[in-house]
Student: 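Below is a structure I'd like to ask you about.
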Amino acid sequence: MMKQISYIFIGTLLCALSTTLLAMPNQIADGGILGLSLLLYYAFEFSPGIITFVSFILLLGISFKYLPKHIVYKTMINVPLLSLFIYLTEDLGQPIKDPLVAAIFAGLVMGIGFGLIIQAGSSIGGTSIIGRILYEKFEFSIIRTTFILDSFIVLMGIFVIGPLYTIYTIIALFIGKVASDYILGGFDAKKAVNIISPRSLDISKQITKVMGSAATVFNGTGGYMEKDQKIIYVVVRSQRLLFLKKLIRQIDPDAFVVVHNVKDVSGGTFFATAAEDHIAQHVESNEIEQEATTDKHNGH
């Protein structure tokens, strides 16, 4: 519980500082209700903290009627806290000479903050609440509705901050999306590998023996040849993918290998324990060293 509260507090503070220290002094906008409050600040100098809070109160009144209570309760902590942080720090920002740098770091800090908030199971409300209301009432797609509303708010920036700064805003939003994905999925990206080969069982044994990774073998049938084959599915760390490919080629140079990027892996034994991993890396080093010696010998 304390961990979630810490994530909410730190994430909300980062979102607020991204807005007041990086976005506001450099004419960078945003999507959703926060983006609308920034545009009103640029056009009329309305306080974004107050606008965000008032918008939340209005949405909250509607939400209680149409949305499940647990969804509403999640935003009752973040949005007032976000509004307070923005209100307290909105006069502290200083312009940066290069707005593109401001956009990059505004997106980065906002993405990290938003990722921490989502990690804690909370939300900062906004257009996603409107999307959920329209879904409950008219069965509109939440994702499509939220995207349309956010896009409309961002494009409104063309008339307030101009086309160039609207492009900077889009850059900030993209970087924020990437940053929040890394926070939610983890920086230690994994690779999921499918291997199809007549020697699948031999490959599977070597993966377990040499790399210390668990592999799943299941039956498959070719659509053209209608021939039954064993298919291997294994998840490895990115830095060990090259060695895995090398191991596969040593057993079957013609094996069909498909690699997928995965970020969130939990449960099971998709990689070895620390001790097993150390042994596996030692074995890998010996294998590579032995092969290099063999190649050198063959060269003579």
Side-chain angles (χ1 to χ4, degrees), residues 11-56 58-59 78-79 82-118 123-131 141-184:
T12 305
L13 179 61
L14 288 176
C15 288
L17 293 178
S18 169
T19 301
T20 57
L21 301 186
L22 295 168
M24 287 174 59
N26 299 284
Q27 299 284 298
I28 307 298
D30 201 343
I33 298 300
L34 185 56
L36 181 61
S37 68
L38 284 172
L39 292 180
L40 290 174
Y41 167 75
Y42 299 138
F44 307 107
E45 296 188 355
F46 292 162
S47 168
I50 295 176
I51 295 297
T52 302
F53 184 73
V54 171
S55 301
F56 166 71
L58 294 176
L59 287 176
N78 284 97
V79 178
L82 177 65
S83 302
L84 177 63
F85 284 153
I86 291 176
Y87 183 77
L88 294 176
T89 61
E90 61 186 21
D91 296 325
L92 301 180
Q94 297 294 326
I96 296 176
K97 291 183 179 180
D98 189 345
L100 179 58
V101 174
I104 291 172
F105 281 93
L108 179 62
V109 176
M110 178 68 74
I112 294 173
F114 186 71
L116 290 174
I117 291 171
I118 298 299
S123 166
I124 57 173
T127 51
S128 61
I129 291 181
I130 300 176
S141 168
I142 297 175
I143 296 176
R144 187 179 297 114
T145 303
T146 303
F147 176 77
I148 292 172
L149 291 172
D150 285 345
S151 300
F152 177 73
I153 291 172
V154 171
L155 293 177
M156 280 175 55
I158 295 175
F159 305 102
V160 179
I161 57 178
L164 179 60
Y165 285 89
T166 300
I167 293 174
Y168 289 151
T169 298
I170 294 172
I171 293 172
L173 290 171
F174 174 78
I175 292 174
K177 174 66 167 60
V178 173
S180 61
D181 283 346
Y182 271 108
I183 293 296
L184 294 172

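Residue numbers run from 1 in the order of the sequence given.
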Student: For the residue pair Tyr168 and Tyr165, categorise the inter-ring angle as parallel (less than 30°), tilted (30 to 60°) or perpendicular (more than 60°).
Tutor: perpendicular
Student: Where is the tightest heavy-atom contact between Gly162 and Thr166, given as atom of each residue plus distance?
Tutor: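 Looking at all heavy atoms of both residues, the shortest contact is O-OG1, 2.8 Å.
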Student: Taking atom CG of Asp150 and atom OG1 of Thr146, what is their separation to the nearest 0.5 Å?
Tutor: 6.5 Å
Student: Please indicate whether Tyr42 has more than 12 foreign heavy atoms, meaning atoms of other residues, nucleotides or ligands, lying under 6.0 Å from its OH.
Tutor: yes
Student: Hey, could you give me the CD1/CG distance between Ile161 and Asn26, rounded to the nearest 0.5 Å?
Tutor: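 So the CD1 of Ile161 and the CG of Asn26 are separated by 11.0 Å.
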Student: Once rounded to the nearest 0.5 Å, what's the spacing between atom CD1 of Ile175 and atom CE of Met110?
Tutor: 13.0 Å
Student: For the residue pair Ile86 and Leu34, establish whether any side-chain heavy-atom pair is separated by less than 4.5 Å.
Tutor: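 A side-chain contact exists here, since the closest heavy-atom pair is under 4.5 Å.
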Student: Is the shortest heavy-atom distance from the side chain of Gln27 to the side chain of Pro99 under 4.5 Å?
Tutor: no
Student: Are Leu108 and Ile104 side-chain neighbours, meaning at least one heavy-atom pair lies under 4.5 Å?
Tutor: no
Student: Which distance, rounded to the nearest 0.5 Å, do you find between the CZ of Phe114 and the OG1 of Thr12?
Tutor: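 These two atoms lie 11.0 Å from each other.
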Student: For Val160 versus Leu39, what's the shortest heavy-atom pair and its separation?
Tutor: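 For Val160 and Leu39, the tightest heavy-atom pair comes out as CG1-O, 3.7 Å.
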Student: Answer yes or no: are there more than 12 heavy-atom neighbours, outside Phe105 itself, under 6.0 Å from its atom CZ?
Tutor: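 Check fails, neighbour count at 12 or below.
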Student: Please give me the minimum heavy-atom distance between Ser83 and Gly49, naming the atom from each residue.
Tutor: CB-O, 3.4 Å
Student: Ignoring hydrogens, what is the shortest heavy-atom contact between Ala172 and Ala103? Give both atom names and the distance.
Tutor: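 Looking at all heavy atoms of both residues, the shortest contact is CB-O, 3.3 Å.
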Student: Less than 4.5 Å apart, side chain to side chain, heavy atoms only: is that true for Leu17 and Thr89?
Tutor: yes
Student: Can you measure from CZ (Phe85) to OG1 (Thr20) and round to the nearest 0.5 angstrom?
Tutor: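 The OG1 atom of Thr20 is 11.0 Å from CZ of Phe85, to the nearest 0.5 Å.
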Student: Quick one: closest heavy-atom pair of Leu38 and Ile28, and the distance?
Tutor: CD1-O, 3.7 Å
Student: Do Leu22 and Ile96 make a side-chain contact, defined as non-hydrogen atoms from C-beta onward lying under 4.5 Å apart?
Tutor: yes
Student: Looking at CD1 of Ile153 and CD1 of Ile148, how far apart are the two atoms once the value is rounded to the nearest 0.5 Å?
Tutor: 12.5 Å
Student: For Ile183 versus Gly115, what's the shortest heavy-atom pair and its separation?
Tutor: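 Shortest heavy-atom contact: CG2-C, 3.6 Å.
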Student: Under the criterion side-chain contact (heavy atoms from CB on, under 4.5 Å), I'd like the reasoning laid out for Leu59 against Ile33: C-alpha separation, chi angles, the key distance, then a yes or no.
Tutor: CA-CA 10 Å; Leu59 287 176; Ile33 298 300; 4.1 Å; yes
Student: Treating Ser18 as the side-chain partner and Ala106 as the backbone partner, does any N or O pair qualify as donor plus acceptor under 3.5 Å?
Tutor: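 Flag set: sc Ser18 to bb Ala106 pair under 3.5 Å.
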Student: Are the side chains of Ser180 and Ile118 in touch, meaning some heavy atoms are under 4.5 Å apart?
Tutor: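 Side-chain contact under 4.5 Å: no.
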